[in-house]
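One structure below.
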Amino acid sequence: MAGKVEKVFKFVVVGGGIAGVTCVEQLSSQIPSAEVALITAGPHIKAVTNYKQVSKTLEEFDVEERPSSVLEEKFPNLIVIHSAVKSLHTESHSVETADGRVFGYEKLCICSGGRPKLLTQENPHVLGIRDTDSAQEFQKRLSKAKRIVVVGNGGIALELVYEVEGCEVIWAVKDKAIGNTFFDAGAAQFLIPSLEVDKPEKTAPCKRPRYTTEEPAAGASQIFTAGHGCGPTEPGSALGPDWHEGIDLQGAEQVSRRVSVEYQCEVEKIVTSEELHNPQQQTLRLENGSWPVYIQLTNGKTFGCDFVVSATGVVPNTEPFLHGNNFAQADDGGLQVNDQMMTSEPDVYAAGDVCTACWEHSPMWQQMRLWTQARQMGWYAGRCMVSHILSEPVELDFCFELFSHITKFFNYKVVLLGKFNGQGLGSNHELLVRCTKGHEYVKVVLSGGRMVGAVLIGETDLEETFENLILNQMDLTQYGEELLNPDIDIEDYFD
């Protein structure tokens with residue numbers, strides 16, 4: 001059993017990321033008399049700024065690192081405790097921090113986020129990027145690097161490969177196309193020419209010299225190079241949707257961009273140059289030159305590089321909460337939560353990357369560990385905690401009706417709606433695609449004549465119309481291909 005309880009709070013939230021901070025703001029403003037504690041290891045918290053409701057479900061915001069004192073000034077009923085959590089005792093409703101203090105709670109919300117799934121632990125030549133500190137460390141090492149290998153195919157890998165200049169990038173993806181988490185092969189092919197051209201000075205449109213829709217064969221690589229020259233990046237926010245803004249991702253070489261993509265392969269092994277001289281490692285076919293680290297891929301190719309970036313997603317950060325408690329966990333390791341964000345332990349809620357939504361989802365929604373969902377879950381968890389304290393009923397928030405996400409890749413606006421990749425639909429769906437090179441890519445997913453998902457890349461102005469069509473499930477059979485006819489103003493049809 002932990003030591004003596006120092007203080008009991010009505011609400012305790014663990015984690016200073018988007019989910020935790022949004023939850024705390026909700027709790028502190030809904031019941032201003034309640035004492036609220038935020039337990040967070042770092043001196044900074046992540047705040048949502050420039051929040052804009054774009055449509056019924058779409059929202060845009062920036063993420064900024066701020067000193068935690070900003071929150072305390074805003075909410076007199078809030079105390080920020082700077083320490084990591086050592087253990088949780090759900091029976092006695094108390095939390096012990098790493099510095100040996102014990103705090104009691106009436107209701108607790110775990111918002112401890114996710115940690116990077118690293119290719120290998122404790123290898124100095126492998127860098128995982130997840131937060132601002134690791135992004136700064138990356139910048140420091142990149143300035144001396146001539147070649148890096150990026151492994152992974154999610155949002156951070158996509159951004160990284162596009163933003164790095166003056167350094168050769170080998171990009172290893174396990175799928176047939178880039179950005180598999182977000183796109184299908186068609187959208188990937190629309191974006192790929194951006195890797196071949198000079199990046200636009202801010203806001204100038206991309207010119208696209210080549211365009212191909214042929215899929216590379218398994219084990220094949222594609223190489224994209226671009227000449228020199230690019231405008232400076234504007235200073236931006238912390239590691240959020242625009243984490244690379246304001247970080248100078250400049251390598252040691254003169255060429256502006258050279259990216260080669262290795263498809264359908266994973267990492268076989270990572271070997272340092274010291275280990276190479278070991279007789280058993282002579283099998284590695286070496287290139288000329290000597291590198292600090294070598295990476296062998298499952299397609300039989302070996303590359304030497306200055307360091308490897310592991311951008312292979314996150315695992316729910318459930319350590320230190322499991323020990324001695326009975327949390328139900330989902331297959332992905334997240335804490336199971338019901339439609340009121342409650343875990344299986346009484347009075348313990350969870351939100352953001354650490355949890356797994358285990359209620360029966362709306363047919364148009366799925367969980368993805370993204371900023372938008374961390375904010376929505378934190379906000380909704382706060383509302384549920386307050387309702388339960390006040391014994392008021394609470395309904396599942398509307399944001400869980402339709403999956404929607406707005407982001408930017410390769411300088412294009414990207415909007416994802418519903419089952420945008422036909423998730424879970426099997427072969428029972430059809431796709432309509434409209435693509436204007438260098439301008440826009442529009443894909444609609446239809447099932448039984450009704451729209452169930454969409455991907456919009458570029459300034460299409462179709463997001464509200466499509467959102468409505470997905471939400472109201474109107475039968476679109478009569479429109480057929482005309483639905484995406486650029487000469488028809490579709491908004492006039494469906495106002």
Residue set satisfying side-chain contact (heavy atoms from CB on, under 4.5 Å) with Ala350, at least two apart, ordered chain then number -> Ile110, Leu335, Val337, Thr343, Val354, Cys355
Keeping the roles fixed (side chain from [X], backbone from [Y]), state whether a donor-acceptor pair exists under 3.5 Å.
X: Ser344; Y: Asn326; answer: yes
X: Gln373; Y: Met368; answer: yes
X: Lys443; Y: Phe420; answer: yes
X: Asn317; Y: Gly113; answer: no
X: Gln473; Y: Met451; answer: yes
X: Ser94; Y: Val102; answer: no
X: Arg375; Y: Ile18; answer: no
X: Glu463; Y: Leu456; answer: no
X: Ser68; Y: Ile45; answer: no
X: Ser29; Y: Gln26; answer: yes

For [X], does the [atom1] atom have more than 12 heavy-atom neighbours from other residues, nucleotides or ligands under 6.0 Å away?
X: Lys86; atom1: NZ; answer: no
X: Asp331; atom1: CG; answer: no
X: Gln423; atom1: CD; answer: yes
X: Glu360; atom1: CD; answer: no

Nearest 0.5 Å, please: how far is [atom2] in [Y] from [atom1] in [X]?
X: Glu137; Y: Leu142; atom1: CD; atom2: CG; value: 11.5 Å
X: Glu96; Y: Ile39; atom1: CD; atom2: CD1; value: 11.0 Å
X: Gln329; Y: Thr356; atom1: CD; atom2: OG1; value: 8.5 Å
X: Phe61; Y: Gln53; atom1: CZ; atom2: CD; value: 11.0 Å
X: Asn325; Y: Leu88; atom1: CG; atom2: CG; value: 4.5 Å
X: Asp306; Y: Leu127; atom1: CG; atom2: CG; value: 12.5 Å

Please tell me if the side chains of [X] and [Y] come closer than 4.5 Å, counting only heavy atoms from C-beta onward.
X: Glu59; Y: Thr372; answer: yes
X: Glu345; Y: Phe321; answer: no
X: Gln30; Y: Leu390; answer: no
X: Leu71; Y: Glu25; answer: yes
X: Phe327; Y: Thr90; answer: yes
X: Cys111; Y: Val13; answer: yes
X: Asn411; Y: Tyr162; answer: yes

In terms of side-chain geometry, is the basic nitrogen of [X] or [Y] positioned less than 4.0 Å from the acidic oxygen of its partner?
X: Glu65; Y: Lys46; answer: yes
X: Arg115; Y: Glu319; answer: no
X: Glu266; Y: Lys174; answer: no

Quick check: closest heavy atoms across [X] and [Y], and the distance to 0.1 Å?
X: Lys117; Y: Val314; value: CE-O, 3.9 Å
X: Leu297; Y: Cys265; value: CD1-SG, 4.0 Å
X: Trp359; Y: Asp339; value: CE3-CA, 3.5 Å
X: Phe11; Y: Ala34; value: CE1-CB, 3.9 Å
X: Gly333; Y: Thr318; value: O-CG2, 3.4 Å

Using distance only, find each side-chain donor-acceptor pair of residues 391-401 under 3.5 Å and give its atom names and separation, not counting sequence neighbours.
from, atom 1, to, atom 2, distance (Å)
Asp397, OD1, Arg383, NH1, 3.1
Asp397, OD2, Cys399, N, 2.9

- Measure the acute angle between the ring planes of Phe307 and Phe138, then classify it against the limits of 30° and 60° as parallel, tilted or perpendicular. perpendicular
* Hey, can you tell me if His405 and Phe403 have their rings parallel, tilted or perpendicular (30° and 60° cut-offs)? => tilted
Test salt bridge (charged side-chain N to carboxylate O under 4.0 Å, His left out), reference Glu35, set Lys107, Lys10, Lys7, output is Lys7
When Val36, Val8, Val14, Val12 are each screened for side chain to side chain contact (heavy atoms under 4.5 Å, CB included) with Tyr105, the one that passes is Val12
Trace of the side-chain hydrogen bond (donor to acceptor under 3.5 Å, both in side chains) decision for Thr57 with Glu467
CA-CA 8 Å; Thr57 63; Glu467 177 187 59; 2.5 Å; yes
Across all chains, not counting sequence neighbours, the side-chain hydrogen bond (donor to acceptor under 3.5 Å, both in side chains) partners of His388 are Gln340, Tyr349
Kindly state whether the ring of Tyr412 and the ring of Phe190 have centres lying under 6.0 angstrom apart.
-> yes
